[in-house]
Number of protein chains: 2
Amino acid sequence: MVRPERRTVRDLRRGNRAVLLRTLYFAGPTSRHELSGMTGLSAASVSNVAGDLIADNVVVEAGLVESDGGRPRVLLRVDPRYGYVIGVDVGETHVHVGLFNLDMDEQAKAEFTLRPAQHDVDLVVRHILSGIDAVMAASGVDPARVLGVGLGVPGIVESGPDALIHAQTFGWDAVPLGALLRAGTSLPLYVDNGAKTMGQAELWFGSGRGSRHAIVVLLGSGVGASIITDGLTYRGVNSSAGEWGHTKIAVGGRECRCGARGCLEAYIGAESILERAGLSAEMAREQATLADLVKSGGPVIDETIDYLGAGLANLINLFNPERIVIGGWAGLLLGQHELVKIKKAVALNSLTQPFETASIVLGRLGPDAVALGAATLVVEEFLLGNAFSSSEQPAAI
Amino acid sequence: MVRPERRTVRDLRRGNRAVLLRTLYFAGPTSRHELSGMTGLSAASVSNVAGDLIADNVVVEAGLVESDGGRPRVLLRVDPRYGYVIGVDVGETHVHVGLFNLDMDEQAKAEFTLRPAQHDVDLVVRHILSGIDAVMAASGVDPARVLGVGLGVPGIVESGPDALIHAQTFGWDAVPLGALLRAGTSLPLYVDNGAKTMGQAELWFGSGRGSRHAIVVLLGSGVGASIITDGLTYRGVNSSAGEWGHTKIAVGGRECRCGARGCLEAYIGAESILERAGLSAEMAREQATLADLVKSGGPVIDETIDYLGAGLANLINLFNPERIVIGGWAGLLLGQHELVKIKKAVALNSLTQPFETASIVLGRLGPDAVALGAATLVVEEFLLGNAFSSSEQPAAI
DNA sequence: CATGTTAGATCAGGTCGTGAAATAAGGCAT
DNA sequence: ATGCCTTATTTCACGACCTGATCTAACATG
């Protein structure tokens, strides 16, 4: 029961301004003339709205380009220095903080390592806050130009002013991360699950570019997914959507660290793979050990591929996406060696029709994608061009 | 990468007209004053737009209601006789055709039985077309007032002018149902999967009323689901989304009639349940046999509940809906006897957070919901109030 | 330096939603 | 009956918006 909203004549301008800004942001330097064609707005309106954007210093002229014989086109672009955004990746072993300009060039970064099981909330909060201070200082950016902070965190994020976080692996149960950070900074905060922020990074700048319906899966120790429908990250009613790792792939099967049985993560999570292969590497060596295992192959890897194929097939059957991006360190490891087998396993487990329209590719962004994606949460808001829209966002505080 | 569209000042009116119409449609008789509050439009605009709608005969006045001491409110409502819509249910054993007014009161209906394995395309097309003729004749409705025909069909519907249908159980492979019907009628056609049309019926008029994020599952011989995100049926890139029945719930498990192994349908589809219980009823007695089995209980039913619980839990983990509606004859049978056990099984297999926000209820509409829902496809288009919007719709032809 | 060509700006015109003011339509007390 | 009070709806002037048409700017060419 969709409820479209009433619009006033002012909304028109806000909307068209956002259309122009977004086009400019994703297409890069473009002339007013081209913009008219791309957006459908009349040349007059483009001129008018672009004038606004320039007057607000959001957009700047970026050189001329010759136009056979006539007046040259003036290229416009979003001024990457109009604003800066901060992205934070709260992972199991680290806290990364990066400060980016609007072109997503990293201006400064700060890192903190977390010892396993050292996920004390206050410690993490301190790391985040001092990370923010550190990157602001290191970059020398005017604090007034920082548009906000995006955070990618583990577990389920309940959107709302407190940004309650439920993260079993951290032992966090309803931790009001938003409220805690609020006490230490006045920047606008956007909190979301790390798999979702990484998904948004791949969607905007990585292998997902240009798709409207895509799914980015994240395979590491944990298993998550980011579901993009209609170009937007789907969050569901509580923004916990996309918990793919704990969907059941084998009723009554292996026990998962979440306590239930037969979770996908219990078969394709990095730890589970090693465990099933009889290898117990301490966390520091986990990646190298898995790399060796994947390289040498064997029944456990084959079985893992079967399960991964079935899991991906379920996503294809349910969501009918045009693209599936496999990311996360374990996902890239598996994908680099066994993409063909994986695709075969997916084919076996999905319906022909949707299988054929879904291309399966590897993620293109490295491990920093979580922080990058978190920063895009802020940019997303910026591109909407209004203080706060009424539509649902990640916990915007 | 959402691409918002440019808007002109004329779109404003179209949009606000649609807002008013939709509010009026779902809220029933309402005064202009109330409409102003509900839509956010100013009283002046409501008056203005309502005037348009009345001039177009879409909306009529529907009595007065007193307002303590002042001028009485004039109630407005959509004229149910402004237009009529036809809904068609193409099932495994029948073709049902119904003609409804805009209040969804059935004005006439026609039924044809299909013998098992008698799914010859031409026969079905003939049934549909003569069904349309029959209900038009029986109702005596002016053909010019029929807004279109919605069809709920089995299998996967590729939206597009041909409305290609892939339905394994019918032996249909890329059947251009739309094109075939085009030859016999000039009414606008909207084709979609039957589980989706039924889902829309439950969403609009049944147990799903008022939810933005809901999932309606359909358990019969086959198993399907309709996923509602943001109040709209989610269709994915090819409109094949929601193929829940063939998601894998037990890698390497029971063989399914689709050829793969471990499909959910191989455990909770009506036929599979009977098969696992060692009962082989011919189709005509299928429902009675299952009813007996469910009533007497036993290990097969318990197992079925476990699998159903896991399947529903997967939906909850992935979509984080606010409501799950269990429909379909087998679903209602199971649900009426075992809803408590089902919920327990779901709880066991889903994450706490999303489980707690999802209420699980039984469908409220009977077997005619497929045709009713198909008819709502046409109404949905009517409520948008413009010839054809650019946004995706079911195969609108 | 005039001409041609293309990009961008300006302007008049029509549409829209809004707040304020006016009007309609009842009830109620006199 | 009459006039007043209350509430619903309509009317009106206004400002904001987008657009097509027209005008100006900026460059190349000969």
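Labels below follow one simple rule: chain letters A, B, ... track the order of the sequence lines, proteins then strands, and each chain is numbered from 1. Hydrogens, waters and symmetry mates are skipped; everything else that's a heavy atom, side chains included, is used.
For the pair B:R32 CZ and D:dT11 P, the computed distance is 10 Å after rounding to whole Å. Between the CG atom of B:L75 and the P atom of D:dT9 there is a distance of 9 Å, given to the nearest Å. We find that CG of A:L53 is positioned 13 Å from P of C:dA9, with the value rounded to whole Å. Across the protein-nucleic acid pair, B:H33 atom NE2 and D:dT10 atom P stand 13 Å apart, rounded to whole Å. One can place CG of A:L64 at 12 Å from C1' of D:dA25, the figure rounded to the nearest angstrom. As rounded to whole Å, 13 Å separates atom C1' of D:dA25 from atom CD of A:E61. Computed from coordinates, the A:R73 CZ to D:dC27 C1' distance equals 13 Å when rounded to whole Å.
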Every protein N/O lying under 3.5 Å from an N/O of nucleotides 15-17 of chain C:
unit_1: C:dG17; atom_1: OP1; unit_2: B:N16; atom_2: ND2; d: 2.8
unit_1: C:dG17; atom_1: OP2; unit_2: B:R13; atom_2: NE; d: 3.0
unit_1: C:dG17; atom_1: OP2; unit_2: B:R13; atom_2: NH2; d: 3.2

Quick one: which protein N/O atoms are closer than 3.5 Å to N/O atoms of nucleotides 3-6 of chain D? Pair and distance per line, please.
unit_1: D:dT6; atom_1: O2; unit_2: B:G69; atom_2: O; d: 3.4

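The line from CZ of A:R81 to CD of A:Q107 is 9.5 Å long, rounded to the nearest 0.5 Å. Note that the CD1 atom of B:I215 and the CD atom of B:E322 stand 11.0 Å from one another [nearest 0.5 Å]. Here the straight-line distance linking atom CD1 of A:I86 with atom CG of A:L151 works out to 9.5 Å at 0.5 Å rounding. For the atom pair A:R323 CZ and A:R212 CZ, the distance stands at 13.5 Å (nearest 0.5 Å). Expressed to the nearest 0.5 Å, how far CG of B:L53 lies from CG of B:D79 amounts to 12.0 Å. Note that CZ of A:R17 and CG of A:N48 are 11.5 Å apart. Values are rounded to the nearest 0.5 Å.
For A:S31, counting side-chain heavy atoms from C-beta on, the closest listed nucleotide (D:dC27, C:dA20, C:dG8) is C:dG8.
Within 4.0 Å of A:A43, counting heavy atoms only, lies no atom of the nucleic acid at all. Residue-level contact check: A:V74 touches the backbone only, with heavy atoms under 4.0 Å from sugar-phosphate atoms and none from bases.
Ring geometry, A:F26 versus A:F205: the interplanar angle falls from 30° to 60°, so the pair is classed tilted.
Using a 4.0 Å cut-off between charged nitrogen and carboxylate oxygen, A:D11 and B:R7 do not count as a salt-bridge pair.
Comparing B:E34 and A:G40 by the nucleotide of DNA chain D that holds the closest heavy atom to each, the one mapping nearer the 5' end is B:E34.
Phosphate proximity of C:dA9 to A:S47: present, with a side-chain N or O under 4.0 Å from OP1 or OP2.
Each of B:T30, B:L75, B:V74 was compared with B:V65 under the side-chain contact (heavy atoms from CB on, under 4.5 Å) criterion, and only B:L75 meets it.
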